[in-house]
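Below: the structure, in structure tokens.
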Amino acid sequence: MYSLLRKRGTGAVDPLILKRAETTQKAHKVELSQTKEFKRVHHGPINSIKTEHIERRYLVSGGGDGLLHVYDLQQEGRPAQIEPIASVATQDRHSYAVSSVGWFPFDTGILVSASFDETVRIWDTNLMEPVTTFDLGAKVFCQAMSPIASHCLVATASDNPHIRLCDIKSGASAHTLIGHTGSVYCCVWSNYQDHVLYTGGEDGTIRVWDIRKASACLGSLDNENAEFTKIETNRAHQKAVNGLVLTLDGSSLVSLGLDERIKRWSTYDHRHSRTHYAGSGVRNHVRHNCGLAVSDTDVWPPLVYVPNQDHIAVFDVNRGNRVQKLCGMYGRPTCVDVEGLDVYAAGVEAEILVWGPLPPFDSEPGIEEVTMDQWSEYSSD
Amino acid sequence: MSAYNYVITAKPATAVHDAVKGYFLSSYVQNLIISKGTCIEIYSLDGLHLKHKHDFSLYGRIRAMEICSLPEKPQGILFVLTESHEYVILYYDAEHNSVDTYAKGVIQHKFVRKTNFGPMTSIDQSGKIVITSIFGGVISVLSLMDARISVLNSVKGKAKDTGRPNTPVFFNLRIPENEIISLTTVCANDALRFVVLYSDENERRHIKTYDINIATKALVTKSQFHASVEDHDQIVVSVPEPYKGVLVIGELTISYYDLEGSSKTISVPAMDVKGYGMVNTHGPNVQFLIGDSTGMLHMLTLVPVSKVIPELIFENIGQTHVPSSIVSLGGGIVYLGSPEGDSCLIKLSKNAYNVSSFDVIEEYPSLAPITDFCLFDLDKQGMKTMVCCSGVENDGSLRMVRGGIGFSKEFAVPMKGVTKIWPLLSRNNKWQDGLVISLLNSSRLVQYNYETMTTAEVSNFPNFCYDERTLSTAITKQGSLIQVTPSWVRLMPYSHGCKQFSKWSPPSIGSRIDVAYTTSSVCILSYEIGVLALLSANDLTLSIKRERKFDDEISCIYVSPEVPNNSGPVFVAIGLWGGQDVKLLNISDFSTVWENKIEADAVPRDVRYTKLGEHDYFFVGLDDGRMVYFCSKDGMKTQREVSIGIGKIQFHSFEINGENAIFVASDRPTIITSSHGRLVYSSVNAEEIFGFCTYYSPDKEKYNLLATSTELMFGSIDTKRSLHAIKFPLDKRMSRRIAYHEDSKTIAVATVQTKLRNEVNFSKGWLQIFDAYTLKCVDTIDLLENELIESLLSTKVEGYDMSFLFVGTAILEEDDSDPENGRILVYKVCDRHTYSLVDAVKVPGVVYDIQPIKGSIVASVVGTIYYMSHFNPDANLGERFTMVPKLDVSNTILAIDTDDDRILTGDLMHSMALLKMEDSSETTQLEKVARDFNSSWMTTVKILRDDSYIGADALLNLFTLKPSKQTEDCALERMEVIGEYQLGDLVNRFRSGTLSEKSREKQDVVIDRNTFLYATVNGAIGSISSISVNEYELLLKIQQQLETLPSIGSLEHRRWRSFNNGTRTGEPRGFIDGDLIETFLHLPKEKRNRVYKSIDNLNTPLSDIIQLIESLSDVR
């Protein structure tokens, strides 16, 4: 860092290079935060958390109690715990567990939630009141909005092979994508082309859709790299697929299956990269959506964050090696998200934990009293 | 108040990032086109000299340029890509001498990753297709194949036909390579082929070819060529016909690939390539010049030995500045543009042994990069001097920068003791062909000889008085030369060889002429006590026409020029000894028109009665360097006083931009002009001046002559104020930090030299001391092995009268990892220049910054703030001062600023935080009171007034913060962003102060603004001043109106100035772009009125607006 810093001052090194080098180094070594701590407010498990990328300030959580809470992340200092700054009122909550939450990609004023009560709801963040409710007639596992699109379609994955696209503008379900057999657990919009959607489900396939076309399914991914268009015979995972995430540079799609394998696919030619994710014995047996996350674009190679048993496993997406294990959770983690260098994870014990970069100083006694926290033992093998 | 800021460039960027050549201004003269920051400059080669032809700036920082061609257009057009990925295509309209926009667009993607190696462009051989790589995996193609520039104006009725096919075709292609390092287009038979040098996921490097079908806008994936190359390869370059391959240039090897399976590799000495260019000069061989990071220039020659693979010959041809761009201008002349030092023009040659070498023909100074600077007022005359740490490694230098009007010397004649100079006008009324130079006790005459066409001194001009000084001289209307010396007035024909002449002397024997002033029609002189006489010269007879006696001796005389057609009176202005009287007389009867007494204890030594702007002024120069004047605005009643210098002053009238101006020759030469009814004083960038005149030589060059104590300088005076820099090279060392030590008038500079030792870069640092007047090095202090200075501070410590120098260092690790140790050293300065070490303490990490606080200092050591808790230079060594860690703040505190008990920290990645020091009798406590939670990568920070804070980040933004009280029980306040602005350059340092001159008029009310300077990596210097909310709102209205005026490239000003940190963009707010506002002053009057009138709800008079803008623009 120091030698890059010297070169940045003379223009010999683009500031971006220092930023990337430093960010990457920091992202490889995060520790349970000493300054950020969340108050436990959900009753029952938290199934989904998401940070927003506009103000980079807020986080939303959706729980088994049917509630949504919004937190302000720009708080610091003990002993104050981060408490929700806005919550869904009890009478407005989902009648069953919330399975997936998301921010409207262009405005922090709108939230989207999917629930086992068979609905997807659009919320006004300022009032925390539902604006629109889509009734999907099946347990919804996942929802997604395109981060680049001009359209306002919420893609939904549910306990029904049909993928429904709900239009926020009209308040109606606009489109149905047919092809999967069995439940669909995850869906994610391409971040390069706004009409392309990736979905994964019980049938072990990952399908690629072009929503503009009548025969919408463009192809499906195959573990053995068979022809992309052999939709029906291709298999991505040996068991159901319940986690999908795209790297922020748009080059790779990472999938997680109940076969407890992580796989990486090129978005350029849809090929399986055959990257071996070391020790990828990821425990994954719940037929729910699993909220994966990827690192910021300045982290290179990109990292993928995978909830696992009692920790979050961090892998180098390109090389497959496990970079770190983020420990400290009481119960099984269900979802993870990343904002800048901070990693947020939530789990079945209704807790939200934060890991962040190590401070540069060894906290010497005498400068500041350090009270070791019961959680701060971490291991990084 | 400080929430609003006015940002203005005082000296634009000088770093050359890109240079291309092509026929841009005309179809027959090749131009060199250079980009510096936001500015493009166009030159043509004139012999061995680059002639400036045109320049313009864009609303955007320029990242790449290419010269393209259009079918049916002989001139080239210019493709420019900006930092924000906007591209524009520009062409030159000779008829209107303007640069117009042909097309523009933006290359934008959301979820892509910018390549580490910056935007890259390459143009195909036909000059019609530009390919660009900005993001991993995406290639943008711009085709001008069928594009035409419409001729809407000239061809009537055909405008409709020129709709569609004119627009260039633009599309994106995806390729699987995400980490593109370099790319180039190559010759291919039918398709457009390009080659990428890329790094794969395992960080191995390869080259690969792609063919593009422009018609289908798709890649042709057949017959791809792929080869693994060395992991240190940096650049792929296409080689022209007859070759069809590429060169791959790396740190240790250079290879040629024919792209069909054959290749050839040679090894080269280790080098970090910074620039390359083809210089195809000698016969069949293709040659490239390659410049590396040490400034070494290498020549690569491709000798054709077989049909496909050439022989590669690599030779080192010499050392110069580190080039970013190498452009051959033909005839062996090559331009080297540098972002790390001066740029230059070289001429390649071969010696008798056929060894290549080069000579530097011209150098173009550059301040880039400015890593630090200091600002001081040496003689407390209100004239600030700035000294910048400029240049990288071998190009390191100190640059002394001062504001004022520049005098550019073209040549000089050595001559001592000049007191006055007069140009002689004869033959016709435009060109002057002679000069009379008065020395202390003699006179000299210089004449132009029309036969030999040379100017030479004439030492035997008949009857000219050589052995006395000349008081005044002129050529009369009849063509005679009149020369007044203390003993005689001589009148002689101004033609060589004519011996006729007449002379006059004061009537009483022994009396001498004291002062005189001659014009082409009269000679006014004074002799004895207070006798003022008007002498007329008719043909060759001199006669007294008029006399008047005054009680005191006359000290100075001035005669106003004749008014055309005798339509107004001619005045004689005089100053008298003793009574401090000044008088204005009518020449026709010597009657007193106006008189006044100078309220000053000094003697008038020169007077001038002249019109500047709308008003008449009576200026009086006093012998103590002061000047007083009276102005017709208030009926010449009020005496105003101005301090010019400390010695005698002399007035000379001349013209700048067709407006009257006065050159004040003094120890601090100054030019007085009038602007909107106010006098403006500008220092001239020259030493003490004794004489001045404007001389139109017969070879039709206009010169300004300045006489110093040793020479007579011929040159020209600029028409505008600007900053002027003088270079002081540092002998292959690079300066990184600088501090001015007031007591000793010395400058402490941290220097470093980096050398390759055992294939590892090894840096050695010194503390060097320079004399602030001469910038001569007076002392060099060694540090530890591997120790580099990171911070310098000269400050007083409570209880001591003198200033101490505090030095913070980093002790480098052998393996180039982050230093884990540093030191803080204290020096005291005794007997003028000697810096002696008081003591040193070791700290665990790099000391990035040291600042004073309440009679002590604070230092940032990585993420922790240290405080000096004890200081006693008389104690035992090792116990003289103590630094204690006080507070862990953040990751890495690169910059701190202090004000009273507040400390502002700027972090490498965590934006800014505000700390407070609480000083009780026993302990000093530091407490973090507020922080900004955004992730901003700071370079430098500054505390403004009114609890607001400004910082510059590494992504070229400026932003301001203000703490806002959060919830009651939250101890830590949040800092809210209150202003955002894209500066477009990386700021390395803020320092309080200004380079504008202190107002010299005592009566002037100066608005006390919070003003500070910044210096950037691109070598720009700028100023930021706080403005009030009313001023902000007023200027914002003007800015919004100016934004609507057409810009080159049709780029939007608001978009250009929008905050952008890669993850978030925000409209500019809280800042006014002074560079844009300043253009308001330079608009033609009519246009300016139109702009003014089109602003709604504007109640401020135009003159007030102009005055406000002028006062804010006064930064040079």
Side-chain angles (χ1 to χ4, degrees), chain A residues 1-3 5-12 14-20 22-23 26 53-57 73-77 80 147-148 190-192 246-251 266-269 271 273 275 296-298 300-302 318-319 340-341 357 359-364 366-368, chain B residues 15 109-114 116 118 135-137 174-176 178 201-202 293 339-340 368-369 371 392 734 736 810 812 816-819 845-846 862-864 885-888 890-892 894 908-909 931 933-935 937 939 954-956 966 969-972 974 986 988 1017-1018 1062-1064:
Chain A
M1 184 273 283
Y2 176 73
S3 66
L5 195 63
R6 272 171 64 198
K7 287 182 182 158
R8 182 181 81 177
T10 64
D14 191 317
L16 187 66
I17 295 192
L18 169 65
K19 188 178 175 214
R20 285 183 172 168
E22 192 63 10
T23 308
K26 294 255 180 276
H53 299 292
I54 298 163
E55 291 175 64
R56 301 181 162 262
R57 186 171 171 183
L73 303 177
Q74 296 192 347
Q75 288 182 32
E76 192 181 296
I148 52 168
S190 158
N191 50 21
Y192 190 75
L246 282 159
T247 57
L248 295 184
D249 68 336
S251 68
S266 160
T267 57
Y268 172 74
D269 53 13
R271 290 175 72 83
S273 73
T275 307
D296 191 271
T297 32
D298 285 332
W300 194 261
N318 289 357
R319 297 189 189 118
L341 286 169
F361 26 79
D362 308 323
S363 297
E364 289 169 34
I367 302 175
E368 194 184 330
Chain B
H109 295 284
K110 220 170 159 189
F111 288 87
V112 280
R113 183 172 177 272
K114 275 204 242 180
N116 266 340
F135 307 109
R174 279 199 84 178
I175 56 169
N178 280 310
E201 282 163 4
N202 300 315
S293 60
E340 303 189 349
T371 41
V392 181
M734 173 188 167
R736 297 185 62 237
L812 305 186
D816 211 26
S817 62
D818 288 353
V846 182
V862 196
T864 307
K886 279 285 173 195
L887 186 65
D888 293 340
S890 52
N891 182 22
T892 308
L894 294 183
L908 173 73
M909 59 201 301
R931 69 164 280 202
F933 287 87
N934 292 308
S935 157
W937 294 66
T939 58
L955 295 155
L956 323 181
Q966 242 181 343
D969 57 337
C970 203
L972 193 68
R974 226 178 103 83
L986 189 103
N988 269 326
V1017 163
N1018 275 352
T1063 48
R1064 192 179 68 78

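Chain letters run A, B, ... following the sequence lines, proteins first, then strands; residues in each count from 1.
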Worksheet entry | Greatest number of heavy atom pairs closer than 4.5 Å to chain A - which of B/N934, B/N1018, B/L894 | B/L894
Worksheet item: Is chain A contacted by the side chain of B/T939, its backbone, both, or neither, given a heavy-atom distance below 4.5 Å?
Response: both
Discussion item. I need the residue from A/P147, A/S3, A/G11 with the largest number of non-hydrogen atom pairs under 4.5 Å to chain B.
Written reply: A/P147
Worksheet entry | A/T23 versus chain B, the contacting section by heavy-atom distance below 4.5 Å | both
Worksheet item: What is the ring orientation for B/H109 with B/F135, classed by angle as parallel under 30°, tilted 30 to 60°, or perpendicular over 60°?
Response: perpendicular
Fill in: Contacting moiety of B/N178, where chain A heavy atoms sit under 4.5 Å
side chain
Practice prompt. Could you grab the distance from atom OG1 of A/T247 to atom CH2 of A/W300, nearest 0.5 Å is fine?
Written response: 7.0 Å
Worksheet item: For B/E340, is it the side chain, the backbone, both or neither that has a heavy atom under 4.5 Å from a heavy atom of chain A?
Response: side chain
Response to the item:
Max heavy-atom pairs within cutoff under 4.5 Å with chain B, candidates A/P357, A/P15, A/P301, goes to A/P15
Item to complete: Please look at B/R174 and chain A and tell me whether the side chain, the backbone, both or neither of the residue comes under 4.5 angstrom of a heavy atom of that chain.
Response: both
Discussion item. Quick check on A/N318 against chain B: is it the side chain, the backbone, both or neither that has a heavy atom closer than 4.5 Å?
Written reply: both
Worksheet item: Measuring heavy-atom distances to chain B, does A/L248 have an atom under 4.5 Å in its side chain, in its backbone, in both, or in neither?
Response: both
Fill in: Best-contacting candidate, B/V392, B/T371, B/T1063, against chain A by heavy atom pairs under 4.5 angstrom
B/T1063
